[in-house]
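Structure record follows, encoded as structure tokens.
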Amino acid sequence: MANNHTSKIELSVELDENRVPEKLHWTAEDGGISNEEAKAMMLAVWDAKAKETLRIDLWTKDMPVDEMKQFFHQTLVEMSNTFHRATQDEKMTATMKDFCDYFAEKLELKNNK
């Protein structure tokens with residue numbers, strides 16, 4: 001019988017009086033991360049029963065807009081990489097990467113892939 005291991009990822013959100021995130025921290029002990037600060041996060045969870053994606057998107061009020069643009073671009077690039085690993089769909093992956101290039105060009109992002 002195999003030994004099962006449970007890995008835990010923890011998120012901590014400090015809110016201001018208006019419930020706007022001021023600080024985000026995350027811990028993933030198996031990954032060597034302990035109470036690391038972040039300025040933004042996106043979490044997507046697949047609800048198999050409802051066949052829909054549940055999301056949590058948070059960013060701190062001091063997250064600069066230029067960094068948010070980079071964050072979105074890099075997230076889109078990584079989503080296309082994950083899509084390829086999960087589906088091996090070369091054609092759609094290439095289409096997604098083309099969009100990522102277009103996104104970066106329109107936002108005038110330099111070398112942020």
Side-chain angles (χ1 to χ4, degrees):
M1 187 173 213
N3 267 346
N4 290 339
H5 176 76
T6 299
S7 182
K8 187 186 291 191
I9 299 171
E10 296 179 13
L11 304 170
S12 174
V13 183
E14 184 179 316
L15 306 172
D16 69 8
E17 64 278 353
N18 296 314
R19 301 185 60 83
V20 175
E22 285 192 318
K23 293 186 186 279
L24 301 172
H25 289 89
W26 66 292
T27 297
E29 290 181 5
D30 283 358
I33 306 295
S34 179
N35 203 36
E36 194 70 30
E37 187 172 358
K39 292 290 182 187
M41 62 161 272
M42 294 181 188
L43 175 66
V45 178
W46 179 248
D47 181 334
K49 290 180 187 175
K51 300 282 191 245
E52 65 183 15
T53 301
L54 308 174
R55 299 194 43 82
I56 299 172
D57 301 320
L58 297 173
W59 56 94
T60 60
K61 56 187 174 184
D62 66 341
M63 173 77 169
V65 172
D66 62 325
E67 288 183 21
M68 183 62 87
K69 290 176 181 180
Q70 286 181 291
F71 177 57
F72 264 84
H73 178 253
Q74 291 175 12
T75 299
L76 290 168
V77 169
E78 288 309 313
M79 286 176 67
S80 65
N81 292 337
T82 301
F83 179 82
H84 183 259
R85 283 194 313 275
T87 67
Q88 299 303 305
D89 186 330
E90 301 284 344
K91 188 174 180 181
M92 187 51 68
T93 299
T95 300
M96 292 172 74
K97 292 209 180 261
D98 286 345
F99 174 75
C100 291
D101 291 342
Y102 174 81
F103 187 90
E105 178 185 324
K106 290 300 178 186
L107 290 179
E108 299 178 350
L109 300 175
K110 307 279 191 238
N111 300 320
N112 292 318
K113 295 183 183 181

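Hydrogens, waters and symmetry mates are skipped; everything else that's a heavy atom, side chains included, is used. Counting from 1, the numbers follow the sequence of the chain as shown.
Atom OG of residue Ser12 and atom CD of residue Glu37 lie 10.5 Å apart, to the nearest 0.5 angstrom. With rounding to the nearest 0.5 Å, the separation of CG in Asp101 from CG in Leu76 is 11.5 Å. Atoms CE and CG, on Met63 and Leu58 in that order, are 12.0 Å from each other to the nearest 0.5 Å. Summarising the geometry, atom CG belonging to Asp89 is positioned 12.0 Å from atom OG belonging to Ser80; distances are rounded to the nearest 0.5 Å.
Annotation: side-chain hydrogen bond (donor to acceptor under 3.5 Å, both in side chains) contacts of Ser7 (sequence neighbours excluded): Asp30. Under the side chain to side chain contact (heavy atoms under 4.5 Å, CB included) criterion, Glu78 pairs with Asn81, not counting sequence neighbours. A search for side chain to side chain contact (heavy atoms under 4.5 Å, CB included) contacts involving Ala38 returns Leu24, Trp26, not counting sequence neighbours. Glu90 meets the side chain to side chain contact (heavy atoms under 4.5 Å, CB included) test with His84; sequence neighbours excluded. For Arg19, there are no salt bridge (charged side-chain N to carboxylate O under 4.0 Å, His left out) partners two or more places apart in sequence or in a different chain. For the side-chain hydrogen bond (donor to acceptor under 3.5 Å, both in side chains) test, residues two or more places apart in sequence or in another chain that qualify with Thr82 are Arg85. For Asn4, there are no side-chain hydrogen bond (donor to acceptor under 3.5 Å, both in side chains) partners at least two apart in sequence or on another chain. In this structure, the side chain to side chain contact (heavy atoms under 4.5 Å, CB included) partners of Met79, at least two apart in sequence or on a different chain, are Thr75.
Taking hydrophobic clusters as Ile, Leu, Val, Met, Phe, Trp and Tyr residues chained together by side-chain heavy-atom distances below 4.5 Å, Phe103 shares a cluster with Met42. Hydrophobic clustering places Met41 together with Leu15 (ILVMFWY residues linked when any side-chain heavy atoms are closer than 4.5 Å, directly or through intermediates). Hydrophobic clustering (ILVMFWY, side-chain heavy atoms < 4.5 Å, transitive): Ile33 and Ile9 are in distinct clusters.
A 6.0 Å sphere centred on CD1 of Ile56 holds no more than 12 heavy atoms belonging to other residues, nucleotides or ligands.
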Criterion side chain to side chain contact (heavy atoms under 4.5 Å, CB included) on His73 and Cys100, from CA distance to verdict: CA-CA 7 Å; His73 178 253; Cys100 291; 4.3 Å; yes
Worked verdict on Gln70 versus Leu109 for side chain to side chain contact (heavy atoms under 4.5 Å, CB included): CA-CA 7 Å; Gln70 286 181 291; Leu109 300 175; 4.1 Å; yes
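With contacts defined as side-chain heavy-atom distances shorter than 4.5 Å, the pair Asn3/His5 does not qualify.
No donor-acceptor pair closer than 3.5 Å links the side chain of His25 to the backbone N or O of Val13.
Under the 4.5 angstrom side-chain criterion for Ile, Leu, Val, Met, Phe, Trp and Tyr, the cluster partners of Met96 are Phe83, Met92.
In this structure, Ala44 and Thr53 approach most closely via the heavy-atom pair CB-CG2, 3.9 Å.
Within the structure, side-chain hydrogen bond (donor to acceptor under 3.5 Å, both in side chains) pairs that include any residue of residues 41-50 do not occur (at least two apart or interchain). Annotation: side-chain hydrogen bond (donor to acceptor under 3.5 Å, both in side chains) contacts involving residues 58-68, sequence neighbours excluded, comprise Asp16-Lys61, Glu22-Lys61, Lys39-Asp62, Thr60-Asp62.
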